[in-house]
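Below is one structure, written out as structure tokens, with a few remarks after it.
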Amino acid sequence: MAPIKNTSTVDLSVNIGGITLTNPVMTASGTFGYGREFSQFVNLDAIGGIVVKGISIEPRAGNPPQRIVETPCGMLNAIGLENVGLERFLAEKLPFLRSIKCRVFVNILGDTVEEYAYLAEKLSEHSGIDGIEVNISCPNVKKGGVAFGTIPEMAQTVTEAVKKASTLPVIVKLSPNVTDIVSMAKAVEAGGADGISLINTLIGMAIDIDKRRPRLANIIGGLSGPAIKPIALRMVWQVASAVSIPVIGIGGIGTTEDALEFLIAGATAVQIGTANFYDPSAVNTIISGIATFLEQHNETSLTNLIGSLHTGDLS
Amino acid sequence: MAPIKNTSTVDLSVNIGGITLTNPVMTASGTFGYGREFSQFVNLDAIGGIVVKGISIEPRAGNPPQRIVETPCGMLNAIGLENVGLERFLAEKLPFLRSIKCRVFVNILGDTVEEYAYLAEKLSEHSGIDGIEVNISCPNVKKGGVAFGTIPEMAQTVTEAVKKASTLPVIVKLSPNVTDIVSMAKAVEAGGADGISLINTLIGMAIDIDKRRPRLANIIGGLSGPAIKPIALRMVWQVASAVSIPVIGIGGIGTTEDALEFLIAGATAVQIGTANFYDPSAVNTIISGIATFLEQHNETSLTNLIGSLHTGDLS
Amino acid sequence: MTSIQENSRIKCSEQITEDIFRLTLHAPLIVSQAKPGQFVMVKTSSNFDPLLRRPFSIHDISTDGDLSLLYKTIGKGTSLLSTFTQGMNVDLIGPLGNGFTFSDNQNICLIGGGMGIAPLLFLARHLKALSKESCTHQVLLGARDHRELEPIAAQFLSLGYKTELATDDGSCGHHGYVSQLLPDILPTVQGVCVCGPTPFMAEVARQCRAANLPCQASMETHMACGLGACLGCTIHGSDGAYKHVCKHGPVFDANEVLWPL
Amino acid sequence: MTSIQENSRIKCSEQITEDIFRLTLHAPLIVSQAKPGQFVMVKTSSNFDPLLRRPFSIHDISTDGDLSLLYKTIGKGTSLLSTFTQGMNVDLIGPLGNGFTFSDNQNICLIGGGMGIAPLLFLARHLKALSKESCTHQVLLGARDHRELEPIAAQFLSLGYKTELATDDGSCGHHGYVSQLLPDILPTVQGVCVCGPTPFMAEVARQCRAANLPCQASMETHMACGLGACLGCTIHGSDGAYKHVCKHGPVFDANEVLWPL
Ligand SMILES: Cc1cc2nc3c(=O)[nH]c(=O)nc-3n(C[C@H](O)[C@H](O)[C@H](O)COP(=O)(O)OP(=O)(O)OC[C@H]3O[C@@H](n4cnc5c(N)ncnc54)[C@H](O)[C@@H]3O)c2cc1C
Ligand SMILES: Cc1cc2nc3c(=O)[nH]c(=O)nc-3n(C[C@H](O)[C@H](O)[C@H](O)COP(=O)(O)OP(=O)(O)OC[C@H]3O[C@@H](n4cnc5c(N)ncnc54)[C@H](O)[C@@H]3O)c2cc1C
Ligand SMILES: Cc1cc2nc3c(=O)[nH]c(=O)nc-3n(C[C@H](O)[C@H](O)[C@H](O)COP(=O)(O)O)c2cc1C
Ligand SMILES: Cc1cc2nc3c(=O)[nH]c(=O)nc-3n(C[C@H](O)[C@H](O)[C@H](O)COP(=O)(O)O)c2cc1C
Ligand code: FES
Ligand code: FES
């Protein structure tokens with residue numbers, strides 16, 4: 001386990017929806033299990049926040065195999081939102097999450113506005129949960145999900161419903177598969193979101209040329225990993241420039257430099273996703289790395305870095 | 001220069017808008033110069049078709065440097081549509097293109113519908129041009145381009161105007177930066193397009209963390225290369241399944257296997273872009289490779305392969 | 001179960017045939033925890049292409065902390081791995097998965113096809129050390145030809161196992177499928193451990209079920225993490241539920257697996 | 001001008017300092033066409049990360065078809081290159097670009113800073129072979145410290161050049177910028193060839209302009225193709241137009257370049 005640099009004098013803390021994260025490095029939903037899976041590789045207490053795998057009211061079995069394909073500098077997944085459901089999450093997963101010090105966000109998904117609201121309400125009744133991340137963007141499930149994430153009015157409606165049902169800070173996670181990410185972001189801001197996380201995966205596909213069949217049983221899947229970083233960074237910059245609530249940057253972040261790019265572009269925090277798979281101690285490395293970078297640049301606080309991108313006279 | 005396999009008995013020819021290409025492998029606009037630049041690495045006569053760099057009525061200087069950034073398995077470019085303009089294209093570039101045997105497509109761009117129509121009309125007056133590719137999708141120029149490529153009605157209007165002004169086959173090239181690629185494709189089909197090529201680049205960004213500045217002088221640029229292949233393939237499959245005109249697949253194609261994936265997904269032809277930069281003889285390799293693959297699979301004609309994807313019972 | 005991320009050092013990389021390699025790594029931390037049937041996730045590149053780690057069964061271990069892998073080059077990751085030379089470092093995560101289970105007083109048949117042989121050597125070494133004197137285990141190995149099979153079979157022979165071979169081209173042992181050797185053996189054993197291509201394992205599972213013998217099968221799927229986090233490594237279970245190979249497996253009771261017909 | 005894609009073979013890879021390497025490649029086809037100041041595009045990876053080729057000046061050539069590169073490891077591509085060993089193949093495209101121009105009866109000052117020294121050795125060798133007896137060319141080389149500078153300076157000395165050095169830390173030669181050595185030299189030459197960091201070349205260009213001497217500067221930009229196809233490699237020209245380094249350059253008349261202030 002990589003040592004965490006916490007002798008640093010730099011203040012890495014950030015605030016999202018009224019709660020303080022000791023540092024801006026979180027783990028992305030669906031890529032870090034329920035935390036426990038990584039306890040041998042990461043100092044869980046030191047993470048800024050864990051976002052757990054998306055939870056629905058009822059358990060979901062997910063898609064048939066093959067669920068995963070590697071692509072150049074990325075991967076496609078069509079897990080199909082397999083999850084244990086609300087009840088088992090509360091009974092089996094939450095106790096361990098309560099035992100660690102870092103902030104815990106629960107990613108939720110539903111097929112209707114009512115389902116989202118119900119999940120938000122129930123989760124608010126339990127201690128050990130610091131916030132809700134609303135997944136309106138998963139491309140793998142045919143009904144519901146896609147439309148919520150691509151039509152501003154629907155995104156706003158879900159956001160409003162979740163906000164109303166919940167006492168917890170609400171982050172809405174956006175899909176990148178849209179023409180105008182800024183209008184999506186403004187809609188969820190108008191709906192009362194306390195933060196916006198982006199991006200979820202881009203929709204992709206891979207074909208087995210010998211069998212002449214899609215590699216994924218689901219035909220299409222979500223593209224993640226370093227390949228998508230430039231797209232994610234552009235969207236985060238556009239959204240951070242357009243809204244006044246905190247933005248959490250996600251997409252292909254695997255190194256300290258990657259995380260710094262997103263922070264400079266305007267993200268208040270970042271989430272590490274696919275990188276956890278190939279580098280399970282990435283979160284630790286990045287937390288230390290950000291502290292070291294700030295020290296080397298004589299910054300006393302991370303907040304000076306956030307959104308510090310200069311865009312004037314670039315040639 | 002890699003030898004071209006043309007002893008093959010397999011029929012590789014395809015038809016796009018009434019013209020026959022000897023094989024389905026073309027070069028993508030902006031990545032193959034005006035052909036001549038590659039004459040030392042590729043047998044130009046053997047290529048299915050060359051699409052030249054986008055031409056506007058007047059010459060354009062393009063964007064200031066830095067114009068290029070490498071990203072994981074991809075690159076961002078913000079060339080800004082630098083080109084010699086219509087007049088110099090006809091005078092200086094077309095004569096060489098006329099001297100080679102392969103099909104020549106001219107990629108055109110304009111800020112208004114009238115400019116597109118004017119270009120199409122003028123190009124139709126000259127011999128040696130086999131078709132027009134309408135670039136409604138370049139993300140680098142602030143006015144015009146972006147909207148044409150993201151609003152179906154505007155794409156249809158441009159298509160209609162170009163078709164009316166031109167006697168040549170018209171291919172419309174789509175931008176992937178949209179929520180619904182199928183509705184864009186249907187709009188240009190309704191506008192009378194003879195073919196659809198996709199995808200152009202995805203909009204991305206990269207930041208220099210030490211300078212806290214975008215790496216590209218234009219701030220944002222177009223992402224191309226293997227990184228985007230899964231997204232391109234998905235869109236090509238969706239579009240080919242929804243329209244009845246030929247689709248030309250573009251995006252991250254660098255190997256025979258890549259090209260075959262697009263053909264199986266339903267593309268009638270493919271274009272090789274970024275791969276020309278790192279592997280200047282890629283086009284030749286892929287033409288031979290497709291012939292060999294078909295022979296090995298006892299196919300006598302490429303047309304049996306096109307759109308042969310099976311999507312039933314995949315688990 | 002503890003898994004470790006260990007920066008191992010290559011002790012030697014041997015080419016067995018044009019596409020089969022044996023890689024010996026010094027990885028004392030992982031070796032100290034390893035059980036037969038478990039696997040490691042190997043980083044094959046220092047950059048992002050290939051991106052994901054590759055899963056390989058633990059082929060063998062030594063008392064001084066060496067771990068060996070037996071693999072076939074089939075794509076990007078394994079091809080890169082085959083260029084690695086002595087002294088280079090390889091980032092491993094392991095040991096992962098459940099491993100085979102066994103008791104000390106049963107005769108077991110180990111049957112492997114192709115690269116499915118890999119985990120059986122470690123299992124054979126372990127069984128040898130643990131079993132009662134009276135046990136007479138059986139090893140059945142199949143591969144394309146003698147060049148592929150003999151160097152590996154030699155290892156089982158040197159452990160003192162009765163080892164029968166089968167090759168696709170008949171260049172050594174039985175000419176045909178190794179599963180065709182099983183009917184004669186089944187009456188002499190109390191259990192079977194199998195690893196290899198899925199259709200082959202399905203056939204072995206079928207014979208065991210017919211003979212009412214327990215069969216443990218080591219399954220393969222595409223994996224992103226190997227840690228139980230991505231939920232990518234599913235197979236169909238006979239109970240209609242999905243099983244995750246990295247967590248519930250890779251070794252399954254053959255009756256729990258829904259075998260393709 | 002003919003460019004060739006050639007699968008060269010590494011004859012030797014020498015580490016000069018912790019981050020400076022000299023790579024000698026057997027590439028007879030490219031060598032037979034090469035002129036001083038030209039460059040090659042080097043494939044540094046067998047997979048897609050890094051994706052693009054990397055441009056390097058031709059550092060030197062030999063009559064038996066060897067080509068050497070002198071490079072500093074600064075990122076992914078150069079780091080990978082530094083792991084390549086003797087006997088391995090490296091895919092090159094070259095020679096590319098225009099190269100330096102020279103006449104046989106002028107005294108030239110070659111001035112290089114950092115890795116800008118790379119193209120000057122090939123130029124020095126060429127000038128030596130072509131120049132009239134009466135010519136007394138000058139070489140000025142600057143680098144961080146003596147460890148970096150001396151092994152390379154030795155090559156110029158062995159060609160018989162008067163070679164003056166400057167280091168940032170004063171560990172050999174002049175303590176300071178190599179451009180500070182130029183004023184004394186300018187009156188003795190009829191032209192200057194410069195390569196190095198842009199601010200340094202801007203200063204050299206300024207001095208030459210003031211002295212009314214022709215100055216050829218070898219420019220660097222980010223390149224995707226090196227073939228004139230991508231239009232990525234622009235610099236600002238003094239005439240307000242963009243120049244493409246791979247096609248119009250890399251060597252420019254310093255007066256044609258818009259130097260940053
Ligand atoms: C638990 C387990 C143990 C294994 N043990 C061995 C072993 O001991 N020896 C051996 O030779 N092989 C073994 N394999 C298979 C091995 O993992 C693959 O051959 C290897 O991942 C191929 O990688 P590649 O980059 O060369 O191929 P590519 O085809 O380029 O790989 C592309 C992607 O597909 C995956 N993939 C391809 N083939 C397989 C496969 N058969 N199983 C799982 N994923 C695959 C890769 O991991 C990668 O993510 C094992 C697989 C599993 C799941
Ligand atoms: C005509 C020409 C000749 C050159 N000759 C030499 C030489 O002889 N010796 C030497 O050490 N270097 C030389 N360079 C610079 C060399 O190309 C870069 O150092 C190298 O590309 C860095 O690659 P990397 O992957 O290690 O760095 P990374 O930073 O990982 O590269 C990322 C991207 O930026 C580009 N890049 C980074 N730095 C430079 C740079 N300074 N110039 C151009 N592109 C850059 C890379 O090519 C790549 O596309 C030359 C550059 C040019 C244009
Ligand atoms: C295997 C896998 C499962 C995922 N599951 C979820 C999920 O349940 N809910 C969600 O909002 N995002 C999910 N995601 C998306 C990630 O949280 C993240 O937004 C995306 O992968 C981009 O980040 P990355 O490139 O760092 O992985 C999943 C991603 C992967 C790779
Ligand atoms: C440097 C560069 C310049 C390009 N110029 C044009 C252009 O002028 N017109 C156009 O329609 N597409 C242009 N493109 C887009 C390509 O034609 C192609 O659609 C895109 O790069 C995706 O394919 P690829 O991944 O194979 O490169 C350009 C791409 C690159 C990399
Ligand atoms: S491989 Fe990720 S859960 Fe099994
Ligand atoms: S590097 Fe592509 S045009 Fe110069």
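By convention in this document, chain letters (A, B, ...) are assigned in the order of the sequence lines, proteins followed by strands, and residues within each chain are numbered from 1. Side-chain atoms are counted along with the backbone in the values below, which use heavy atoms only and exclude waters and symmetry mates.
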[atom2] on [Y] to [atom1] on [X], rounded to 0.5 Å:
X         : Y         : atom1 : atom2 : result
Ser224(A) : Leu51(C)  : OG    : CG    : 8.0 Å
Phe32(A)  : Cys230(C) : CZ    : SG    : 14.0 Å
Gln66(A)  : Cys233(C) : CD    : SG    : 12.0 Å

Counterpart residues, side-chain hydrogen bond (donor to acceptor under 3.5 Å, both in side chains), relative to Thr17(C) (two or more places apart): Asp19(C)
Pairs where residues 68-89 of chain C contributes a residue and the test side chain to side chain donor-acceptor pair (under 3.5 Å) is met, not counting sequence neighbours: Asp49(C)-Lys76(C)
Lys/Arg-Asp/Glu bridge criterion (N-O < 4.0 Å) met for Arg53(C), Glu70(A): no
Taking every non-hydrogen atom, the tightest pair across Ile68(A) and His222(C): O-CB, 3.9 Å
Nearest non-hydrogen partners of Asn63(A) and Tyr242(C), listed with the distance: C-OH, 3.5 Å
Segment of Ile4(C) engaging chain A (4.5 angstrom heavy-atom cut-off): backbone
Heavy-atom contact with chain A under 4.5 Å, split by part of Thr221(C): neither
Neighbour count above 12 (heavy atom, 6.0 Å) for Glu18(C) CD: yes
Qualifying salt bridge (Lys or Arg N to Asp or Glu O under 4.0 Å) pairs with a residue from residues 241-254 of chain C, counting only residues at least two apart or across chains: Asp239(C)-Lys243(C)
Short side-chain to backbone donor-acceptor contact, Gln40(A) and Thr2(C), under 3.5 Å: no
Between Met75(A), Lys53(A), Arg36(A), the one whose heavy-atom pairs under 4.5 Å with chain C are most numerous: Met75(A)
Greatest number of heavy atom pairs closer than 4.5 Å to chain C - which of Ala227(A), Gly74(A), Gly254(A), Pro72(A): Gly74(A)
Interface residues of residues 272-280 of chain A facing chain C - heavy atom cut-off under 4.5 Å: Thr274(A), Phe277(A), Tyr278(A), Asp279(A), Pro280(A)
